[in-house]
Amino acid sequence: MAHDHDHDHHHHETQGGSELSPMELRVRALESVLVEKGYVDPAALDALIETYETRIGPHNGARVVARAWVDPAFRTRLLGDATPAMRELGVGGRGGEHMVVVANTPDEHNLVVCTLCSCYPWPVLGLPPVWYKSPPYRSRAVIEPRAVLAEFGVTLPPTQRIRVWDSTAELRYMVLPMCPAGTEGLDEAALATLVTRDSMIGTGLPRAPGPSA
Amino acid sequence: MAHDHDHDHHHHETQGGSELSPMELRVRALESVLVEKGYVDPAALDALIETYETRIGPHNGARVVARAWVDPAFRTRLLGDATPAMRELGVGGRGGEHMVVVANTPDEHNLVVCTLCSCYPWPVLGLPPVWYKSPPYRSRAVIEPRAVLAEFGVTLPPTQRIRVWDSTAELRYMVLPMCPAGTEGLDEAALATLVTRDSMIGTGLPRAPGPSA
Amino acid sequence: MNGGQDLGGMHGFGPVAPEADEPRFHAAWEKRVFGLAMAMGYSGAWNLDASRSAREALPPGEYLTSSYYAIWLKALERQVQGHGLATPEELSSGIVSTPAAPVKRVLRGTEVAPLFARGFPSDRPVPDPARFSAGDRVRARNINPSGHTRLPRYVRGHVGTVETVHGGFVFPDTNAHLAGEAPQWLYTVRFSGHDLWGERAEPGHAVSVNAFESYLESIDPASVR
Amino acid sequence: MNGGQDLGGMHGFGPVAPEADEPRFHAAWEKRVFGLAMAMGYSGAWNLDASRSAREALPPGEYLTSSYYAIWLKALERQVQGHGLATPEELSSGIVSTPAAPVKRVLRGTEVAPLFARGFPSDRPVPDPARFSAGDRVRARNINPSGHTRLPRYVRGHVGTVETVHGGFVFPDTNAHLAGEAPQWLYTVRFSGHDLWGERAEPGHAVSVNAFESYLESIDPASVR
């Protein structure tokens with residue numbers, strides 16, 4: 001699934017003697033036309049790629065989680081109306097306009113999926129990994145979430161229910177995982193380092209604090 | 001859909017200098033192994049191919065339809081229990097063990113499909129055409145049969161209901177079309193020439209008799 | 001299984017595309033695959049339901065982009081390997097390097113005509129009486145087995161009318177996994193297009209499927225399992 | 001549409017396969033496709049729902065065998081051509097041979113940071129009161145539109161519980177076809193795994209979807225349309 005089985009790629013001359021794949025050539029042609037026709041500003045293209053490749057990522061969500069762990073009032077605001085609460089920490093924007101945060105409890109574990117495409121809270125978690133966008137996860141998360149979690153190495157107690165959130169509209173979900181045990185001495189920044197990307201999707205749990213904690 | 005997008009074909013030496021496609025080589029390897037290990041008798045292979053390539057075909061079904069048009073008692077037997085009735089004409093065998101014949105009427109037109117694979121009454125109609133086995137027909141026949149029929153050039157009166165038979169078990173269906181008008185002078189053999197394969201699937205209607213009739 | 005084979009009601013495949021000449025086979029290899037699959041189907045190593053199951057177990061993307069006989073070929077290769085009749089290396093090279101495994105039967109050339117003219121009926125006696133009768137309203141159960149089934153997704157959960165009680169037949173859901181023929185009563189159940197597809201369904205449209213007894217439940221709420 | 005994108009509950013795709021290093025992009029062209037799609041999405045020629053619709057309109061076999069950004073690319077090419085912004089020959093050659101068509105907006109480099117930090121909210125006022133309230137039992141309607149919809153097949157016909165009333169949002173089913181934002185109330189509806197998948201569902205499993213008001217009907221039989 002990770003590579004393109006496309007057969008009907010266009011034929012291009014090799015440009016400048018470089019060896020480009022058919023897909024590179026096809027995209028290059030598209031970009032050339034869109035830029036030359038004035039629909040796309042190359043500076044916007046560069047800014048978009050730079051923003052989403054390097055500036056956004058799960059560290060934003062991790063900051064939100066850590067704050068919720070240490071600040072009960074923030075946690076309340078976050079679970080009540082996540083979008084403005086995240087804005088307090090400067091987290092938000094395209095793909096996170098309408099955030100919903102769902103909190104794990106000993107009774108219920110939350111798992112986020114988008115069966116129909118790839119909806120994901122970009123400004124909170126960055127661009128999604130390939131597996132999140134791929135048929136195995138999208139097909140199975142809603143019908144056999146416990147089996148999926150097991151493949152991620154997460155085995156929940158049978159008494160902990162699993163709640164799957166299928167992102168079928170413009171709401172975007174972040175899971176608020178439970179704070180691991182043994183973190184009493186850690187400050188907010190240290191706690192944030194325990195928050196994995198997967199723990200905010202629901203396919204993982206936060207790291208346990210190291211022996212130095 | 002009609003060609004194979006297979007990428008992981010095996011690599012073979014070209015045998016005897018002939019230029020064979022990867023699929024030919026792959027099948028040749030399979031056949032060699034199955035024959036050499038004694039699981040497959042080459043004579044059986046030849047007999048199977050010869051039987052289904054040349055001996056069976058929609059002429060068998062056409063004979064059944066023509067008989068039903070001229071012989072009301074046969075028609076009654078055919079609609080009551082099609083398998084023994086067809087056997088009277090020597091029609092039956094593998095893929096037609098449990099035949100059901102459904103009769104078109106001015107009120108209801110019948111259409112046969114197999115959404116799950118390619119079930120088809122082999123000894124009655126021969127091996128199915130590619131379109132019958134392909135996703136467009138299999139997906140659409142059950143949800144928009146009238147639109148499918150229109151693509152086959154068949155426009156039914158809005159008052160004629162459409163009944164779709166999805167062959168989900170080992171029953172195999174043949175449609176008994178209505179006898180065209182203007183066939184009063186024709187004998188059974190002449191009538192059989194009007195019965196098209198598609199008219200026995202339900203995607204067509206019988207031919208009208210020619211001016212000489 | 002809810003696999004690539006379960007096509008009823010899907011969109012996006014484009015128009016039906018009849019061919020002008022409609023050859024039975026489109027390449028020499030297709031004939032050989034057809035014959036090999038038929039011959040091996042007689043070996044007793046598996047059965048027709050198992051072969052269907054092997055075909056639909058191809059990943060959906062591969063199923064939908066493979067030609068019909070390419071699907072047969074890939075499934076047959078998997079079956080041959082899965083039953084220990086040949087190794088991947090043998091199938092790759094075409095050179096036999098391991099001993100043959102025993103098979104129950106080998107179809108002989110002289111047997112083809114009589115056997116295939118007779119056919120291989122799949123009706124079987126069922127000791128218990130049929131649970132449903134013609135005219136009964138029944139609901140297709142909402143089952144989603146990961147293994148083989150012949151209850152298509154598009155009828156599950158919908159209510160239809162039993163039209164015909166056909167007698168007992170081999171149950172594919174067990175037989176495909178070589179877990180026994182476990183015959184069941186087979187019915188024809190008619191559904192209205194409106195019930196299956198909603199208010200935008202084409203008017204005057206009904207769909208029948210053949211449904212095994214365990215696919216159906218009474219719509220009397222007290223008897224719904 | 002009941003297309004290749006509607007994956008919930010399907011079998012046969014194999015295990016989830018996380019990558020060791022999980023690069024955001026796997027080839028240089030993927031970055032460019034991402035950026036081009038985002039930039040063109042701002043042009044006003046279409047909208048996000050239309051882009052999703054274009055992606056899922058790929059034939060299912062192609063959708064399922066194309067990588068993620070290959071799907072984006074193919075959809076973007078179709079949109080560009082479909083809206084008369086470039087010809088197939090131009091996209092094939094990379095050489096402009098026709099005049100540019102007017103577009104509503106061109107995203108400038110300096111606008112990216114402020115615009116994307118603010119985002120593009122899709123909540124809209126809806127004049128009528130919400131038809132459903134938290135706690136209501138509702139049925140996901142059995143609709144099967146050939147156009148874009150965000151009601152997945154696996155919930156259609158099933159009964160769930162309204163958990164949250166979110167306010168009005170742009171309705172994708174019309175917006176995708178440039179037929180207006182036609183905002184509707186949006187709900188979170190929870191379904192039990194048992195109701196969705198039958199008796200073999202994993203125990204203690206529930207699934208929520210976000211459902212627009214027209215996707216839902218009251219289960220009071222008198223009010224079922």
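A note on names: the letters A, B, ... follow the listed sequences, proteins ahead of strands, and every chain is numbered from 1. Remember, predicted model here, so these are calculated numbers, not experimental data.
When heavy atoms are compared at a cutoff of 4.5 Å, D:Pro172 does not approach chain A at all. Contacts of D:Ala201 with chain A are absent, with no heavy-atom separation under 4.5 Å from either backbone or side chain. Looking at A:Pro145, the atoms closer than 4.5 Å to chain D (heavy atoms on both sides) sit in the backbone and in the side chain alike. Both the backbone and the side chain of A:Leu116 come within contact range of chain D, judged by heavy atoms closer than 4.5 Å. Of the atoms belonging to D:Pro99, it is backbone heavy atoms, and not side-chain ones, that fall under 4.5 Å from chain A. Only the side chain of A:Glu151 comes within contact range of chain D, with at least one heavy atom under 4.5 Å from a heavy atom of that chain. Interface remark: D:Phe116 contributes backbone and side-chain atoms alike to the contact with chain A (heavy atom separation under 4.5 Å). Of the two parts of D:Tyr42, neither the backbone nor the side chain holds a non-hydrogen atom closer than 4.5 Å to a non-hydrogen atom of chain A. Of the atoms belonging to D:Val80, it is side-chain heavy atoms, and not backbone ones, that fall under 4.5 Å from chain A. For A:Ser167, the part sitting under 4.5 Å from any heavy atom of chain D is the backbone (N, CA, C, O) and nothing else. Heavy atoms closer than 4.5 Å to chain D are found in the backbone of A:Ile56, but not in its side chain. With a 4.5 angstrom heavy-atom cutoff, D:Pro203 touches chain A only via backbone atoms. D:Thr149 touches chain A through its backbone: at least one of N, CA, C or O sits under 4.5 Å from a heavy atom, while the side chain does not. Both the backbone and the side chain of D:Val16 come within less than 4.5 Å of a heavy atom in chain A.
No other option in D:Thr110, D:Ile71, D:Asn210, D:Leu48 has as many heavy-atom pairs under 4.5 Å with chain A as D:Asn210. Looking only at heavy-atom pairs under 4.5 Å with chain D, the residue among A:Glu31, A:Glu36, A:Arg55, A:Arg161 that has the most is A:Glu31. Between chain D and the residues A:Val113, A:Val35, A:Leu171, the largest count of heavy-atom pairs under 4.5 Å involves A:Leu171. Interface remark: of the candidates D:Ala101, D:Ser208, D:Ala211, D:Gly35, D:Ser208 forms the most heavy-atom pairs closer than 4.5 Å to chain A. Heavy-atom pairs under 4.5 Å with chain A were tallied for D:Val209, D:Leu151, D:Leu115, D:Leu36; the largest tally goes to D:Leu36. When D:Asp49, D:Leu85, D:Leu186 are compared by the number of non-hydrogen pairs under 4.5 Å with chain A, D:Leu85 comes out ahead. Contact tally against chain A (heavy-atom pairs below 4.5 Å) for D:Val103, D:Leu107, D:Thr188, D:Val155: the top residue is D:Leu107. When each of A:Ala147, A:Pro158, A:Ala169 is scored by its heavy-atom pairs under 4.5 Å with chain D, the top score falls to A:Ala169. Ranking D:Ala86, D:Ala39, D:Pro15, D:Ser43 against chain A, the residue ahead of the rest is D:Pro15, based on heavy-atom pairs under 4.5 Å.
D:Gly9 approaches A:Val142 most closely through the heavy-atom pair N-CG2, 3.6 Å. Summarising the geometry of D:Thr98 relative to A:Lys37, their closest heavy-atom pair is OG1-NZ, 2.7 Å, with the distance given to 0.1 Å. Here the closest non-hydrogen pair linking A:Ala29 and D:Ser93 is CB-C, 4.3 Å. Between D:Arg150 and A:Cys119, the shortest heavy-atom distance links the atoms NH2-SG, 3.4 Å. Of all the heavy atoms in D:Pro121 and A:His98, the pair that sits closest is CA-NE2, 3.5 Å. Residue D:Leu73 comes nearest to A:Val27 through the heavy atom pair CD2-CG2, 3.7 Å, listed as atom of the first residue, atom of the second, then distance.
Counting heavy atoms from C-beta on, the side chains of D:Val170 and A:Glu170 never come closer than 4.5 Å. For the pair A:Tyr52/D:Arg24, no side-chain contact is recorded, criterion being any heavy-atom separation below 4.5 Å from C-beta on. Between D:Tyr154 and A:Asp166 there is a side-chain heavy-atom pair separated by less than 4.5 Å. In this structure, the side chains of D:Arg55 and A:Ser118 stay at 4.5 Å or more apart for every pair of heavy atoms. Annotation: side chain of D:Met10 is not in contact with side chain of A:Pro135 (no heavy-atom distance under 4.5 Å). In this structure the side chain of D:Lys74 reaches within 4.5 angstrom of the side chain of A:Arg26, judged on heavy atoms. Two residues are said to be in side-chain contact when any heavy atoms from C-beta on lie closer than 4.5 Å; D:His11 and A:Ile143 meet this criterion. The closest side-chain heavy-atom distance from A:Arg138 to D:Phe13 is not below 4.5 Å.
For the pair D:Glu202 and A:Arg140, the salt-bridge criterion is not met [side-chain N within less than 4.0 Å of a carboxylate O].
Here CZ of A:Arg163 is found 4.0 Å from CD of D:Glu163. Values are rounded to the nearest 0.5 Å. From A:Ile49, atom CD1 reaches atom CZ of D:Phe34 across 8.0 Å, with rounding to the nearest 0.5 Å. The structure places CD of D:Glu77 at 9.5 Å from CG of A:Leu34, a figure rounded to the nearest 0.5 Å. Note that CZ of D:Arg32 and CG of A:Asp46 are 5.5 Å apart. Values are rounded to the nearest 0.5 Å. Taking NE2 of D:His205 as the reference point, atom NE2 of A:His109 lies at 12.0 Å (rounded to 0.5 Å). Once rounded to the nearest 0.5 Å, the distance linking CE of A:Met23 with CH2 of D:Trp29 reads 3.5 Å.
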Does the pair D:Glu22 and A:Trp131 meet the rule for a side chain to side chain donor-acceptor pair (under 3.5 Å), with working shown? CA-CA 9 Å; D:Glu22 290 190 354; A:Trp131 61 259; 3.1 Å; yes
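Within 6.0 Å of the CZ atom in D:Arg105, the count of heavy atoms belonging to other residues, nucleotides or ligands exceeds 12.
When the heavy atoms of residues 83-97 of chain A are compared with those of chain D, the residues falling under 4.5 Å are A:Arg87, A:Gly92, A:Gly93, A:Arg94, A:Glu97, listed by number.
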